[in-house]
Amino acid sequence: MRDTLLCIRRLYKEYPTPAGAFPALKDVNLSIGAGEFVAIMGPSGSGKSTFMNILGCLDRPTSGVYEIKGQNVSVLSKDETARLRGDLLGFVFQGFNLLPRMSLEDNVALPLIYADVKKEERRSRARELLCKVGLQQYTHSRPNQISGGQQQRVAIARALVNRPRLLLADEPTGNLDTHTSEEIMTLFTGLNREGITIVLVTHEPDIARYAGRQVHFRDGAIVRDEPTQENSGRNDPEEAI
Amino acid sequence: MLLRGMFHEASNAISANRLRTLLTMLGMVIGVGAVVLMISIGQGAQFAVKQSIDSIGSNLFIVMSGGATTGGVRTGMGNAPTLTLADAAAIRELPGIVAVAPLHMGAAQIVYGAQNWNTSVYGSTPDFHEVRSWPVASGVSFTDSDLRSASRVALIGQSVAENLFPNEDPVGKTLRIRQSPYQILGVLAAKGQSPDGQDQDDSVMIPITTAQRKLFGSPFPGTVRFVGVKAESAEAMPKLEADINALLAQRHRIREGQENDFTVKNLSDIVEIAVETTRVMSLLLGAIASISLIVGGIGIMNIMLVSVTERTREIGIRMAIGAREQDVLMQFLLEAILISAVGCLIGLVLGIGGAMAANMLAGVPVVISGGTVLIAFGVAAATGIFFGFYPARKAARLDPIEALRYQ
């Protein structure tokens with residue numbers, strides 16, 4: 001049995017609306033082990049984005065417990081959750097979210113500024129990760145000078161630069177074509193092999209197939225939680241690497 | 001977050017939109033430039049007024065014989081022949097008096113060789129040097145024995161020396177005042193302009209007895225028009241003013257309730273008024289200039305607010321990757337401070353340059369003091385922090401989820 005990295009128990013999230021509290025998450029229980037690759041699936045409005053925001057410590061649950069490595073996140077202050085995001089989590093967004101004014105190297109090194117890492121080390125780590133995602137020749141380019149797939153690689157490099165335990169990817173292939181999506185998913189699979197836990201939100205079954213476990217949300221609750229069927233995909237993720 | 005890293009981030013953000021940054025800075029440049037220029041000019045005016053007033057002499061009273069009122073007709077001050085050398089001598093006896101110089105003067109044509117010149121001739125005593133803080137530059141002054149014998153000796157001012165003796169040393173030469181020969185004992189030090197703009201160096205000084213008896217004459221022998229009195233200290237002046245009034249009233253047998261036939265003027269009051277006037281003027285200039293500084297600050301705030309809105313998504317990203325509220329706050333605050341500091345620096349250079357140009361081209365007196373520079377810089381920093389804080393806090397308080405969703 002692997003160590004538990006994330007533990008969610010009896011999680012509720014309600015949004016206030018003029019018509020009363022709207023329950024976005026209802027009694028969610030989930031445990032994710034270190035090194036797992038989990039795909040979160042579900043239609044729009046199923047609560048999966050809300051769930052991701054809570055996983056990413058960007059939002060707080062109305063009630064319930066969310067623990068990362070045994071630490072209850074709900075009791076942390078804003079600054080402490082910011083530190084947690086910087087130290088343990090890496091984010092990959094659908095829209096890449098690179099800063100357009102900065103070189104790719106600076107974009108990748110950005111999280112290290114907030115972790116008080118010295119300039120020389122920031123630079124060498126940023127280069128190392130750009131190398132890892134295969135973009136070492138674009139160190140000084142701007143985000144608008146490279147393709148979408150390349151931008152997403154840079155975003156992944158940025159998410160990895162502070163050596164996080166958990167990578168949170170929100171529809172990372174939503175803006176990419178099929179071929180590029182496969183490349184990105186291959187990259188994720190490789191990272192997962194190296195031991196990084198990945199939680200990925202997607203609504204495409206083809207993408208979810210790369211994950212080892214699929215969790216389905218509907219109307220704010222988990223309706224299905226099962227390992228990916230090895231024979232159900234047209235591609236075995238192991239072969240795709 | 002490391003300060004160096006933050007500084008780097010801030011300067012990056014500022015240089016990303018150069019035109020906008022420059023325009024924002026311009027408000028600060030104009031504000032600080034105007035403040036520095038105006039204060040420099042104000043202080044220059046203050047300094048010039050003070051200098052020209054100091055040239056009269058400090059801690060001074062002037063006693064004038066009053067205007068005589070005869071049958072309802074009042075004459076101007078100094079016309080009634082009531083003030084005498086004996087009055088001056090009596091004032092000299094009062095405690096707290098340093099020097100007393102009775103004065104009798106008029107205009108006269110003076111001649112040396114082929115040159116002639118019209119100038120003011122002052123009859124006074126050697127105390128005059130002390131009262132007017134106006135020493136002899138070369139040669140010597142006349143003595144009490146010259147006074148007693150009403151001898152024909154003279155001290156000449158710098159302008160007279162320049163006009164009558166362009167290429168020679170006037171000391172020891174003899175010039176003619178209204179045809180009579182006077183031996184030049186010395187040349188007075190340069191004095192410059194009086195507060196009302198007259199050339200004080202265009203004058204000749206002779207013993208007052210000579211002026212009274214030989215040069216100007218008088219239907220009332222022994223009378224003088226003014227007496228200059230120098231007090232020991234500024235603090236002693238109010239009491240001395242009363243003392244002089246009492247003494248002269250007694251000597252002139254002025255009865256209780258009767259109007260004095262003399263006037264004691266405290267020149268320090270005039271000095272104070274003049275200095276106060278220019279001080280108020282420079283304050284006013286500074287205040288008006290400060291308004292432009294505030295306008296500049298509002299410009300910074302405006303742009304920072306726009307910038308925060310524009311960069312909402314960026315703020316969200318930064319928060320997602322580990323920026324704390326204070327990191328975001330400091331970043332935007334630093335941007336505002338950087339803009340105002342650089343603007344201030346440019347404004348300072350322009351303001352000082354402008355003041356120097358005004359001084360050189362238009363002869364406007366200016367004083368550029370370290371204090372002015374310091375104040376301008378402090379105000380700029382304060383403006384940056386004050387007007388930068390609200391937008392920066394707005395940025396720091398953003399909800400990261402909302403910020404990330406912002407298009």
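Chain naming here is simple, since letters A, B, ... match the order of the sequence lines and numbering starts at 1 in each. Heavy atoms only: backbone and side chains are in, while hydrogens, waters and symmetry mates are out.
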Next on the checklist: Quick check on A/Arg218: does its CZ atom have over 12 non-hydrogen neighbours (other residues, nucleotides or ligands) under 6.0 Å away?
Outcome noted: no
Checklist outcome for this item: When every non-hydrogen atom of B/Ala320 is compared with those of A/Phe91, the smallest separation belongs to O-CE1, 3.1 Å
Item to check | Greater than 12 external heavy atoms within 6.0 Å of A/Tyr15's OH | outcome: yes
Checklist entry - Should we count CZ of B/Phe386 as having more than 12 external heavy atoms under 6.0 Å? => result no
Checklist entry - With a 4.5 Å heavy-atom cut-off, do A/Arg83 and B/Arg324 have their side chains touching? => result yes
Next on the checklist: I need the B/Asn12 CG to A/Asp106 CG distance, nearest 0.5 Å.
Outcome noted: 6.5 Å
Checklist entry - Tell me, do B/Asp399 and A/Leu58 make a side-chain contact under 4.5 Å, heavy atoms counted? => result no
Checklist entry - Heavy-atom count around B/Arg20 CZ within 6.0 Å, excluding the residue itself: above 12? => result yes
Checklist outcome for this item: Smallest heavy-atom separation, B/Ala323 atom then A/Ala82 atom, equals O-CB, 3.7 Å
Checklist entry - If you draw a 6.0 Å radius around CZ in A/Arg165, do more than 12 non-hydrogen atoms from other residues or ligands fall strictly inside? => result no
Next on the checklist: Donor-acceptor check, side chain of A/Arg85 to backbone of B/Met319, threshold 3.5 angstrom: yes or no?
Outcome noted: yes
Checklist entry - Is it the side chain or the backbone of A/Leu99 that comes within 4.5 Å of chain B heavy atoms, both, or neither? => result side chain
Next on the checklist: Are the side chains of B/Ile317 and A/Arg158 in contact, using a 4.5 Å heavy-atom criterion?
Outcome noted: yes
Checklist entry - Relative to chain B, which segment of A/Asp79 carries a heavy atom at a distance below 4.5 Å: side chain, backbone, both, or neither? => result both
Checklist entry - Quick one: are A/Arg101 and B/Arg311 in side-chain contact, heavy atoms under 4.5 Å? => result yes
Checklist entry - How many angstroms lie between CD in B/Gln326 and NZ in A/Lys78, if you round to the nearest 0.5 Å? => result 12.5 Å
Checklist entry - Can you tell me how far CG of A/Asp59 sits from CD of B/Glu402, rounded to the nearest 0.5 angstrom? => result 9.5 Å
